[in-house]
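Working notes for the structure below.
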2 protein chains.
Amino acid sequence: MAKRRTTLRLQDVAEHAGVSIATASRSLSGASGVSEPLAERVREVAKRMGYVANLHARSLAAGTSRSVGLVVREIGDPYFTEIASGVLRVGAREGLMVQICHTGRDPRRELDQIRTLVASRVGAIVIAGSGFLDARLEAAAKAELQAYRAAGGRVAVIGRHHLGVDAVLPENAAGGRAIAEHLLALGHRRLAIATGSRALTTIADRISGVAEAFGAAGLDFTTVPQVEAEFTRAGGKEAAETILAEHPGVTAVLALNDDMAIGILSVFRSHGIAVPGRISVAGFDDVAVAQDLAPSLTTVRLPMTEMGALALELALKEPAARPRRRVAGHELVVRDSTAPPPA
Amino acid sequence: MAKRRTTLRLQDVAEHAGVSIATASRSLSGASGVSEPLAERVREVAKRMGYVANLHARSLAAGTSRSVGLVVREIGDPYFTEIASGVLRVGAREGLMVQICHTGRDPRRELDQIRTLVASRVGAIVIAGSGFLDARLEAAAKAELQAYRAAGGRVAVIGRHHLGVDAVLPENAAGGRAIAEHLLALGHRRLAIATGSRALTTIADRISGVAEAFGAAGLDFTTVPQVEAEFTRAGGKEAAETILAEHPGVTAVLALNDDMAIGILSVFRSHGIAVPGRISVAGFDDVAVAQDLAPSLTTVRLPMTEMGALALELALKEPAARPRRRVAGHELVVRDSTAPPPA
DNA sequence: AGGCTAACGGAAAGCGCTTACGAAAGCGCT
DNA sequence: AGCGCTTTCGTAAGCGCTTTCCGTTAGCCT
């Protein structure tokens with residue numbers, strides 16, 4: 001009795017179809033060199049037998065895999081979730097499997113994830129991570145990616161341009177400027193900023209945009225209090241309490257992401273502070289719930305989904321001699337949480 | 001001149017370290033049979049050379065891969081996002097790579113994704129999909145999974161029990177009963193339910209729980225209007241308009257998920273309807289923003305993250321003779337969106 | 001001190017697939 | 001009928017790793 005195999009091999013299919021392994025392989029992978037009727041017959045047999053090709057063997061032999069990797073910081077974060085859905089959309093369109101890795105805001109894990117992806121010989125890697133705060137890690141990642149590219153891998157990165165690869169850049173600075181100009185135009189002069197760690201380029205860029213707006217209006221940005229906390233709803237709450245305690249006179253709070261803005265709204269509400277009656281609140285990102293909050297949130301929309309899609313498309317293209325850059329747009333979305341300051 | 005290789009092979013490491021390939025392999029994979037000092041030295045060399053093992057080769061040779069698959073319906077949906085983070089947590093703890101596949105509410109794609117996962121010989125598969133509305137697809141998936149398990153694969157499914165595999169079940173019915181009892185206890189008698197497609201078992205279970213509560217209170221559930229729409233914020237808005245138009249007398253709306261509840265709150269607000277003053281609104285799921293809405297949302301918390309974690313743990317265990325079931329708890333979370341009906 | 005066991009290291013056989021390369025067969029042409 | 005050409009298919013050589021099976025060597029007891 002033949003040894004019982006756990007799974008079907010290509011050879012089994014070939015035998016059943018009465019062809020050689022090579023022909024079977026070519027038929028199933030759609031390569032040329034097999035007459036269409038024969039190929040069709042082989043596919044038929046394979047399907048009937050319930051054959052599923054071993055992806056590892058295939059990738060090992062072919063030296064490449066029909067999958068791409070996506071590195072995100074936190075899959076729960078709406079910012080990254082939207083990027084992921086853009087990448088997934090393009091991946092599905094191209095028949096690529098998308099491997100999502102998350103780093104959980106530990107830059108070291110980001111490096112590990114990149115290594116793992118390289119090890120599994122994915123066809124392309126899209127990185128939408130946190131940015132490396134450490135120069136050594138940054139350099140290590142860069143080296144890793146260069147080697148990967150030298151071996152034929154494709155890379156695109158979102159929101160950074162230090163890695164020497166194709167990049168999709170959100171308009172953080174322009175967006176920051178737009179939202180600040182909106183607040184300034186409404187007449188606000190005493191505002192506070194709720195921010196995450198300024199070491200992140202994303203955040204630094206947003207702040208520089210705000211500074212620009214102040215400069216353009218001939219206002220002194222250095223006097224604007226910046227309250228730093230976690231870049232989350234909880235951080236927003238913390239920042240709101242701090243602002244209330246230390247800067248009671250502000251008429252507007254600009255949160256550098258919507259999550260913080262949501263936390264801020266929640267604290268203001270529990271303190272009975274009218275928004276935008278007494279204090280205006282603005283966010284950044286335009287996460288999905290922003291429009292359904294009470295009051296709905298004035299914010300800046302960054303096309304995250306499109307950026308994710310664009311990044312993968314960029315990575316999939318023929319590699320260019322020098323890194324390409326694409327700048328995604330931004331859009332000021334004015335809703336109910338901002339109004340002129342109280343008289 | 002030696003042929004230029006694109007990537008380092010295990011052999012290169014072995015040569016540099018002055019050992020055989022077998023020894024190098026054993027050292028790196030931590031298998032026994034190598035003295036610790038030697039193994040350490042080999043690891044050192046490998047690290048210094050920047051060697052990264054080819055995962056495909058490894059998996060092919062070993063017949064298994066250090067990765068698990070997760071099938072979710074929509075990665076943007078908070079429900080699935082939380083499950084994913086639970087799975088990721090356990091995966092990270094066990095040193096497993098998690099491959100996330102999303103099906104985008106197309107059951108056919110769910111089947112495809114399962115096939116792909118099987119093909120890549122992942123060690124375990126966790127399915128948190130949409131449920132198959134089609135019996136044929138259901139049967140096909142079941143067959144596929146049985147074959148996979150026969151070949152040593154591990155499977156756990158969340159929120160379903162028809163697949164003949166280990167399952168983690170949310171307390172949808174008990175939760176539905178709890179939230180309905182809460183509304184009933186507050187004195188509401190004229191309520192409406194906003195629901196997604198009742199063909200989904202998740203939803204059907206929640207409704208049956210609500211029905212139970214009515215039965216226990218000696219009330220007639222058949223008279224309660226059920227408005228069906230998409231299980232999203234947009235669907236919630238649509239449902240809210242319908243309820244307002246067709247059932248103007250209701251004092252409470254029970255949305256069968258928080259997303260719908262958020263949409264409902266938004267519509268009520270724009271219509272100037274006080275919540276909970278005139279109408280109470282309750283949700284289901286306790287998504288992260290629920291507590292930061294205005295008013296904060298009364299809902300039922302289902303431990304999604306824990307369920308994800310539990311599912312992977314269950315899958316990773318030694319397989320049992322018959323499918324195991326774990327029921328995750330639920331918790332009624334009373335916040336500001338519900339109150340006694342207006343006098 | 002000698003023979004035994006135990007522990008370690010090396011050669012080689014695959015894992016299941018892709019893909020040169022070459023053989024065979026079919027075609028039109030002279 | 002024979003020649004070169006194209007098309008179709010089979011043979012076999014890997015892809016890079018794990019792991020079994022032995023040959024060595026070190027460690028230990030009497």
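Small disclaimer: the values here were computed from a predicted structure and weren't measured. In the text below, chain A, chain B and the rest are named by the order of the sequence lines, each starting its count at 1.
Comparing dT18(C), dC17(C), dT18(D) by their closest approach to the side chain of S29(A) singles out dT18(C). Comparing dA11(C), dT8(D), dT18(D) against the side chain of A22(B) picks out dA11(C) as the nearest. The listed nucleotides are dC15(C), dG9(C), dT8(D); the one nearest the side chain of T23(B) is dG9(C). In the set dT18(D), dC17(C), dG10(D), dT18(D) carries the atom at the smallest distance from any side-chain atom of L10(B). For S20(A), counting side-chain heavy atoms from C-beta on, the closest listed nucleotide (dG10(D), dG9(C), dG16(D)) is dG10(D). Side-chain atoms of N54(A) lie closest to dG16(C) of the nucleotides dG16(C), dG10(C), dC17(D).
When rounded to the nearest whole Å, the span between CD of E36(B) and P of dA7(C) equals 15 Å. The CG atom of L8(A) sits 15 Å away from the P atom of dC15(C) (whole-angstrom rounding). In this structure, CZ of R58(A) is placed 10 Å from P of dT19(C), rounded to the nearest angstrom. Atom CG in L60(A) sits about 14 Å away from atom P in dC15(C), given to the nearest Å. A straight line from NE2 of H56(A) to C1' of dG14(D) spans 19 Å, rounded to a whole angstrom. Going from atom CZ of R9(A) over to atom P of dG14(C) covers 12 Å, rounded to whole Å. Rounded to whole Å, the distance from CG on L38(A) to C1' on dC9(D) is 9 Å. For the pair R121(B) CZ and dC17(C) P, the interatomic distance rounds to 7 Å; values are reported in whole Å.
Side-chain contact between Q99(A) and L70(A): absent, with no pair of heavy atoms (C-beta onward) separated by less than 4.5 Å.
Note on S25(A): a base of the nucleic acid sits closer than 4.0 angstrom, heavy atoms only. I21(A) comes within 4.0 angstrom of a base, heavy atoms only.
Between the side chain of D166(B) and the backbone N or O of R324(B), at least one donor-acceptor pair lies under 3.5 Å. S29(B) places a side-chain N or O within donor-acceptor distance of the main-chain N or O of S25(B), the cut-off being under 3.5 Å. Listed for the R154(A) side chain is a donor-acceptor partner under 3.5 Å among the backbone atoms of K317(A).
A 3.5 Å limit on both hydrogen-bonding distances identifies dG2(D) as the Watson-Crick or G-U partner of dC29(C).
Closest-nucleotide positions on DNA chain C for A57(B) and V19(B) were compared, and the one nearer the 5' end corresponds to V19(B).
Proximity of Y51(A) to the phosphate of dG16(C): no side-chain N or O atom is located under 4.0 Å from OP1 or OP2.
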R121(B) and N54(A): CA distance, side-chain angles, deciding distance, side-chain contact (heavy atoms from CB on, under 4.5 Å) verdict: CA-CA 7 Å; R121(B) 304 295 190 272; N54(A) 182 323; 3.7 Å; yes
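With hydrogens and angles ignored, a donor-acceptor pair under 3.5 angstrom links the side chain of R26(B) to the base of dG10(C).
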